[in-house]
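Contents: one structure, followed by commentary.
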Amino acid sequence: MSMKFKKFNNPVADQIPWYLLPLDDQLEYIDSFAPEELKENLIFFAHNGFIVIENTISKKVAKDAIDGFNDLVKNNPKAFEGATEINPDDERTIETGLYHRIGNTHLSSERIANAFIKNKALSYVNFIFQSKPALYTSLYYQRGSAQDIHRDTPYFTTRPMNYYVGFSISLEPSNDENGCLEVMRGGHLVDEIDLDNVIDILNKDTKNLSSTDDETWAMYQEMMKKSCLDAGLKIEPLHTNTGDTIIWHPQLPHGGSVVRSVSPRNSLITHVTPVGMPVYLQDVFFNPSKEVSEYTDWKYVEFKNCFIRYGDSININNIRNVSIRDLDSDVLQ
């Protein structure tokens, strides 16, 4: 596939997302403006913070994506060396010998990228953003993440805030055995905790805070989860079949269930924003007054229903970055 990369202005730089309005106003907005075929799921999204959309890609597209990943591993053994070891995040899970947290494989394989490009659920994201969606980054999992409950926003801090959704594409069924997504239904409606309190407890200085401060991340997630539990919310699994896609609200608490089986559960987790939307990290999230740009000079390629942000490498399980130029693969370029 030959692609021409372009820069795009942020089309929603001066707008507040409708899905941050009070719930009644959200429902009125959906009723007034949503296409009829999307309304039922969007109403569910407003109430619950997520939707599971069935059969968003064909079984062939799903199989091709899995084959694309398998070929990527087979043809690049040096790049993937040591990448099946358990990360500290994954202490709850058994060792499976399967790969997890392989970043931006959509850039290294057209077959993987097609699971997003050809996904019917993009019509929902188009309405959610009121702008054509762009794939910002992705994570490929052969097994469940086994992550604790968390909100994504400290790692996907946009300007304006919350122009982001999680978009999880099931290439195989996910369940309680092989590790499925877990959510706290309605947790997106629980008020944000006091960010200054997090900083004060840890005696941090927001002006000098690292963009990836593990201690602050952990404290924030612990306090956020407690606030949701205090509100009476519970953690529940979301089972999916091949070809299903889950979309979740930027404020939805979610994680991954314990992995009990060595069976694979291939999936592509994509992080989606409007095209041209800058994304910042914890140094901006915990310091909302920090002056940052609402625009970016990132390059994108445009497809019929979406954009993809350009990148020049994949990330192997937070161990190393590998240049796409050094990979033997069906590179998306």
Side-chain angles (χ1 to χ4, degrees), residues 16-27 42-52 88-92 128 144-168 179-206 209-238 246-258 269 271 273 279-290:
I16 302 300
W18 63 266
Y19 50 88
L20 298 184
L21 298 172
L23 181 58
D24 286 346
D25 293 340
Q26 292 185 44
L27 298 175
L42 287 168
I43 291 169
F44 188 94
F45 177 79
H47 280 286
N48 297 281
F50 67 92
I51 39 178
V52 181
D89 317 354
D90 301 315
E91 292 172 351
R92 297 183 302 153
I128 288 170
S145 69
Q147 285 182 292
D148 284 330
I149 292 293
H150 62 280
R151 276 178 175 161
D152 287 333
T153 37
Y155 267 93
F156 299 97
T157 302
T158 61
R159 285 291 183 267
M161 276 293 288
N162 292 309
Y163 267 114
Y164 157 82
V165 294
F167 192 91
S168 175
C180 61
L181 190 74
E182 295 180 322
V183 299
M184 299 188 81
R185 184 189 298 263
H188 66 304
L189 299 174
V190 175
D191 289 341
E192 182 64 278
I193 63 172
D194 184 344
L195 300 183
D196 290 337
N197 193 26
V198 177
I199 297 300
D200 291 344
I201 289 172
L202 296 173
N203 195 28
K204 300 275 186 176
D205 178 3
T206 55
L209 190 67
S210 166
S211 61
T212 55
D213 188 294
D214 292 342
E215 188 178 30
T216 308
W217 163 270
M219 177 61 72
Y220 168 80
Q221 301 300 351
E222 179 184 336
M223 294 171 66
M224 178 280 301
K225 181 179 177 181
K226 182 178 185 303
S227 73
C228 291
L229 291 171
D230 289 347
L233 304 185
K234 298 179 180 179
I235 300 170
E236 61 181 279
L238 295 183
I246 302 172
I247 300 174
W248 67 84
H249 190 285
Q251 288 289 83
L252 181 73
H254 64 284
S257 66
V258 175
I269 313 300
H271 313 115
T273 70
V279 180
Y280 300 98
L281 297 169
Q282 293 178 62
D283 56 324
V284 176
F285 178 76
F286 289 104
N287 187 7
S289 62
K290 185 173 183 176

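Residues Met223 and Asp194 are not in side-chain contact: their nearest non-hydrogen atoms beyond the backbone lie 4.5 Å or more apart. For the pair Gln221 and Asp148, the minimum side-chain heavy-atom distance is 4.5 Å or more.
To the nearest 0.5 Å, atom CD1 of residue Ile51 and atom CZ of residue Phe44 are 9.0 Å apart. If you take CD1 on Ile16 and CG on Asn162, they are separated by 9.5 Å, rounding to the nearest 0.5 Å. Going from atom CG of Leu181 over to atom CD1 of Ile246 covers 4.5 Å, rounded to the nearest 0.5 Å.
Scanning all heavy atoms of the two residues, the minimum distance from Met224 to Pro253 falls at SD-CG, 3.7 Å. Of all the heavy atoms in Ser227 and Ile193, the pair that sits closest is OG-CG2, 3.9 Å. Summarising the geometry of Ile149 relative to Gly255, their closest heavy-atom pair is CD1-N, 3.7 Å, with the distance given to 0.1 Å. Nearest heavy atoms, Cys228 versus Met184: CB-CE, 3.7 Å. In plain terms, the two heavy atoms of Ile128 and Ile247 that are nearest each other are CD1-CG2, 4.3 Å. Contact detail for Gly187 and Leu233: the closest heavy-atom pair is CA-CD1, 3.4 Å.
The backbone N or O of Phe50 lies less than 3.5 Å from no partner atom in the side chain of Asn48, so there is not a single donor-acceptor pair. Remark: the backbone N or O of Ala46 is paired with a side-chain donor or acceptor of His188 at under 3.5 angstrom. With Thr157 contributing its side chain and Val284 its backbone, the two residues share no donor-acceptor pair below 3.5 Å.
Considering only residues two or more places apart in sequence or on other chains, Asp191 meets the side-chain contact (heavy atoms from CB on, under 4.5 Å) condition with none of them. By the salt bridge (charged side-chain N to carboxylate O under 4.0 Å, His left out) test, Asp230 is found to be paired with Lys226, residues two or more places apart in sequence or in another chain being considered. Partners of Tyr155 according to the ring pair (Phe, Tyr, Trp, His ring centres under 6.0 Å) rule, which considers only residues two or more places apart in sequence or in another chain, are Trp217. Partners of Thr153 by side chain to side chain donor-acceptor pair (under 3.5 Å), not counting sequence neighbours, listed by chain and number: Gln251. For Arg185, the salt bridge (charged side-chain N to carboxylate O under 4.0 Å, His left out) criterion is met by Glu236, not counting sequence neighbours. Residues satisfying the side-chain contact (heavy atoms from CB on, under 4.5 Å) test with Lys234, not counting sequence neighbours, are none. Partners of Asp213 under the side-chain contact (heavy atoms from CB on, under 4.5 Å) rule, at least two apart in sequence or in another chain, are Lys204, Leu209, Ser210, Glu215, Thr216, Gln282. Take Asp152 and apply the side-chain contact (heavy atoms from CB on, under 4.5 Å) test, not counting sequence neighbours, and it matches His150, Phe156, Tyr164, Trp248, His254.
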Checklist line | Pair Phe286-Leu195, side-chain contact (heavy atoms from CB on, under 4.5 Å): steps then yes or no | finding: CA-CA 6 Å; Phe286 289 104; Leu195 300 183; 4.1 Å; yes
Note to self: As a quick check of understanding, evaluate side-chain contact (heavy atoms from CB on, under 4.5 Å) for Cys180 and Leu238, giving each step before the final call.
What the structure shows: CA-CA 6 Å; Cys180 61; Leu238 295 183; 5.8 Å; no
Expected list for residues 20-27: side-chain donor-acceptor pairs under 3.5 angstrom, two or more places apart:
from: Gln26; atom 1: NE2; to: Tyr19; atom 2: O; distance (Å): 3.2
from: Gln26; atom 1: NE2; to: Leu21; atom 2: O; distance (Å): 2.8

